[in-house]
Engineer: 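Next up is a structure, given as structure tokens.
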Amino acid sequence: MKDKIIVITGASAGIGAAIARKAAAEGARVVLAARRQKELSEVAAACGPDALAVITDVTVRSDVESLARQAVDRFRRVDVWINNAGRGITRAPSEITDDDLDMMMRDNVKSALYGMQAILPHFKERNAGQILNVSSMLGRIPFFALRAAYSASKHALNALTAGLRAELRHTFPGVVVTTVSPGIVATEFGLNALHGGLDSRSMPGAQSVDEVADVVIDAIRNPQIDVYTRPVYADNVRRYYDDMDAFERASFVGPK
Ligand SMILES: NC(=O)c1ccc[n+]([C@@H]2O[C@H](COP(=O)([O-])OP(=O)(O)OC[C@H]3O[C@@H](n4cnc5c(N)ncnc54)[C@H](OP(=O)(O)O)[C@@H]3O)[C@@H](O)[C@H]2O)c1
């Protein structure tokens with residue numbers, strides 16, 4: 001981790017802030033991106049004097065391109081780019097509007113696509129680097145009706161992530177592309193969801209941000225392509241695809 005240059009979007013709070021603090025504590029130099037100035041500056045201050053905070057709206061392509069430029073200008077290179085910023089939604093599939101779906105695709109898919117495309121030329125030049133896209137267990141198993149549009153966006157993100165990996169596999173084998181799938185994590189994600197919703201921090205079994213950050217740091221230290229933040233999640237995915245009907249009957253959550 002020492003001296004790695006790591007760009008993290010959605011670094012003003014939650015999972016992104018925890019990754020930033022841990023990476024910096026292990027000697028990485030971090031570039032932090034989010035919209036809220038005060039929160040982002042506080043995380044940057046906790047990450048030491050080398051941390052660079054760049055106010056960025058990841059749904060604006062030119063903002064993300066500027067983030068990549070500022071990171072390379074400041075540190076001369078980037079080693080790791082983490083597309084972590086994202087947003088949930090609380091609305092049953094029968095009630096999802098065009099705007100709901102557009103916002104999910106904008107916040108969770110296009111935002112990460114901008115990040116991938118912004119840093120790729122730099123990584124290709126060096127045939128080195130790692131992109132990590134923070135997805136969700138809901139991107140593997142759409143078990144929660146009220147998060148269906150979010151789930152759809154994370155499935156789309158996973159497809160783009162795997163597609164990029166396939167594109168680079170033979171031409172730029174030094175560039176690693178990683179999907180990270182957390183389950184429920186104790187952050188303000190639930191409260192920040194479009195149309196409100198339950199506080200993720202009060203949900204049973206919520207994982208701590210530090211635990212999730214440790215898994216992400218390990219996926220950088222020992223590059224992997226498909227990472228679950230608890231080992232049991234990978235088993236759940238296998239069980240779901242083995243027998244969807246049985247899994248849905250036992251585990252899927254309806255709108256109430
Ligand atoms: N918490 C969970 O249960 C859970 C589970 C699975 C996956 N995830 C995924 O984990 C990632 C991080 O979520 P979290 O739980 O840490 O959520 P969070 O506490 O709500 O934090 C979201 C972060 O993303 C930033 N962000 C949101 N929209 C942005 C935008 N347009 N431009 C720039 N930054 C933006 C926010 O900063 P600003 O508001 O300052 O911009 C904040 O730093 C997301 O991709 C989420 O889908 C979360």
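Just so you know, ligand 1 is whichever comes first in the structure, and atom 1 is the first atom listed for that ligand.
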Engineer: If the cut-off is 4.0 Å to any non-hydrogen atom of E188, which atoms of ligand 1 fall inside it?
Structural biologist: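 Listed by number with element: 19 (O), 20 (O).
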
Engineer: Which residue holds the protein heavy atom closest to atom 45 (O) of ligand 1, what is that atom called, and what is the gap in Å?
Structural biologist: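 I find the closest protein heavy atom is N84 O, 2.7 Å.
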
Engineer: Before signing off on this row, confirm whether V58 and ligand 1 have an N or O atom pair separated by under 3.5 Å.
Structural biologist: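 Yes - when backbone and side-chain N and O of V58 are compared with those of ligand 1, one distance drops under 3.5 Å.
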
Engineer: In the protein, what heavy atom is nearest to atom 22 (C) of ligand 1, and what distance, to one decimal place, separates them?
Structural biologist: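 That would be G86 O, 4.1 Å.
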
Engineer: Would you confirm whether T187, through its side chain, and F189, through its main-chain N or O, come within 3.5 Å as a donor-acceptor pair?
Structural biologist: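 Side chain of T187 to backbone of F189, a donor-acceptor pair under 3.5 Å: yes, one is there.
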
Engineer: Are R61 and D63 ion-paired here, with the side-chain N under 4.0 Å from a carboxylate O?
Structural biologist: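 Salt bridge absent between R61 and D63.
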
Engineer: Testing the 3.5 Å rule here: is there a donor-acceptor pair between the side chains of R106 and S111?
Structural biologist: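 No, no side-chain donor-acceptor contact under 3.5 Å.
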
Engineer: Give the numbers and elements of all ligand 1 atoms closer than 4.0 Å to a heavy atom of I15.
Structural biologist: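 It comes down to these atoms of ligand 1: 10 (O), 15 (O), 16 (O), 48 (C).
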
Engineer: Is a donor on one side and an acceptor on the other found under 3.5 Å between the side chain of S41 and the backbone of E39?
Structural biologist: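 Not at all, since once roles are kept as given, no pair shorter than 3.5 Å links the two residues.
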
Engineer: Does ligand 1 come near enough to V185 that some N or O of the ligand is less than 3.5 Å from an N or O of the residue?
Structural biologist: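 There is such a contact, yes.
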
Engineer: Within the structure, is a non-hydrogen atom of D107 found at a distance of less than 4.0 Å from ligand 1?
Structural biologist: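 Contact absent.
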
Engineer: Please confirm whether T56 approaches ligand 1 to less than 4.0 Å, judged on its heavy atoms.
Structural biologist: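 For ligand 1, residue contact (heavy atoms, under 4.0 Å) with T56 is present.
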
Engineer: To which protein heavy atom is atom 7 (C) of ligand 1 closest, and what is the distance rounded to 0.1 Å?
Structural biologist: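 Here the nearest protein heavy atom works out to S135 O, 3.1 Å.
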
Engineer: Salt bridge or not for R140 and D226, using N-O below 4.0 Å?
Structural biologist: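 Here R140 pairs with D226 in a salt bridge, since their nearest N and O are under 4.0 Å apart.
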
Engineer: List the closest protein heavy-atom neighbour of atom 47 (O) of ligand 1: residue, atom name, distance to the nearest 0.1 Å.
Structural biologist: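 For atom 47 (O) of ligand 1, the nearest protein heavy atom comes out as Y150 OH, 2.5 Å.
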
Engineer: Distance under 4.0 Å to a non-hydrogen atom of I184: what atoms of ligand 1 satisfy this?
Structural biologist: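 Counting from 1, the qualifying ligand atoms are 3 (O).
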
Engineer: Quick test of your reading of the model: are E26 and K2 salt-bridged, counting only N-O distances below 4.0 Å?
Structural biologist: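 Looking at E26 and K2, the cut-off is not met.
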
Engineer: Determine, for D218 against K22, whether the closest basic-nitrogen to carboxylate-oxygen distance falls under 4.0 angstrom.
Structural biologist: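 No, no charged N to carboxylate O under 4.0 Å.
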
Engineer: Test your reading of the model: is there a side-chain donor-acceptor pair from D199 to the backbone of L191, 3.5 Å cut-off?
Structural biologist: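 Here the side-chain-to-backbone pair does not exist.
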
Engineer: Would you say H122's side chain and V72's backbone share a donor-acceptor pair under 3.5 angstrom?
Structural biologist: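 No; zero donor-acceptor contacts below 3.5 Å.
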
Engineer: Pick, from G183, S136, A20, the option with the minimum heavy-atom distance to atom 5 (C) of ligand 1.
Structural biologist: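 Looking at heavy atoms only, G183 sits closest to atom 5 (C) of ligand 1.
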
Engineer: Give me the nearest non-hydrogen protein atom to atom 15 (O) of ligand 1 as residue plus atom name, then the distance to 0.1 Å.
Structural biologist: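 Minimum-distance protein heavy atom for atom 15 (O) of ligand 1 reads T187 OG1, 2.6 Å.
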
Engineer: Which of the atoms of ligand 1 are close to V134, meaning less than 4.0 Å from one of its heavy atoms?
Structural biologist: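 Within the 4.0 Å cut-off of V134, ligand 1 contributes 9 (C), 10 (O), 11 (C), 45 (O).
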
Engineer: Without swapping roles, check the side chain of N158 against the backbone of G139 for a donor-acceptor pair under 3.5 Å.
Structural biologist: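 Yes, the answer is positive, given that a donor and an acceptor are paired below the 3.5 Å cut-off.
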
Engineer: Within ligand 1, which atoms have a heavy atom of D57 less than 4.0 Å away?
Structural biologist: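 By the 4.0 Å cutoff, the relevant atoms are 30 (C), 31 (N), 32 (N).
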
Engineer: Could you say whether the N/O atoms of R36 and ligand 1 ever approach to under 3.5 Å?
Structural biologist: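 Yes, at least one N or O pair falls under 3.5 Å.
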
Engineer: When clusters are formed by joining ILVMFWY residues with side-chain heavy atoms under 4.5 Å apart, either directly or through shared neighbours, do V185 and L198 land in the same one?
Structural biologist: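 No, no single cluster joins them.
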
Engineer: Using distance alone, with no hydrogens and no angle criterion, decide if D57 and T59 have a side-chain donor and acceptor under 3.5 Å apart.
Structural biologist: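 Indeed, the side chains of D57 and T59 share at least one donor-acceptor pair under 3.5 Å.
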
Engineer: Which protein non-hydrogen atom lies closest to atom 28 (N) of ligand 1, naming both residue and atom, and how far is it?
Structural biologist: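 Checking every protein heavy atom, the shortest distance to atom 28 (N) of ligand 1 gives R35 NH2, 3.2 Å.
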
Engineer: Just need the protein heavy atom nearest to atom 20 (O) of ligand 1, so name the residue and atom and give the distance.
Structural biologist: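 For atom 20 (O) of ligand 1, the nearest protein heavy atom is N192 ND2, 2.9 Å.
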
Engineer: Quick check on contacts: which atoms of ligand 1 are under 4.0 angstrom from a heavy atom of T59?
Structural biologist: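 Here the atoms of ligand 1 in question are 31 (N).
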
Engineer: Select one of side chain, backbone, both or neither to describe which atoms of K154 lie under 4.0 Å from any atom of ligand 1, heavy atoms only.
Structural biologist: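 Under 4.0 Å from ligand 1, K154 contributes side-chain atoms alone.
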
Engineer: How far is atom 35 (C) of ligand 1 from its nearest protein heavy atom, and which residue and atom is that?
Structural biologist: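 Looking only at protein heavy atoms, the one closest to atom 35 (C) of ligand 1 is A85 CB, 3.7 Å.
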
Engineer: Compute the minimum heavy-atom distance from E39 to ligand 1 and say whether it is under 4.0 Å.
Structural biologist: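 No, E39 has no heavy atoms under 4.0 Å from ligand 1.
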
Engineer: Ring centres under 6.0 Å, that's the criterion: do Y233 and Y228 meet it?
Structural biologist: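 No.
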
Engineer: Would you call D235 and R238 a salt bridge, taking side-chain N to carboxylate O under 4.0 Å as the test?
Structural biologist: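 A salt bridge is present here (some side-chain N lies under 4.0 Å from a carboxylate O).
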
Engineer: Tell me which one of S12, A18, G10 gets a heavy atom nearest to atom 37 (O) of ligand 1.
Structural biologist: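 The residue whose heavy atom sits nearest atom 37 (O) of ligand 1 is S12.
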
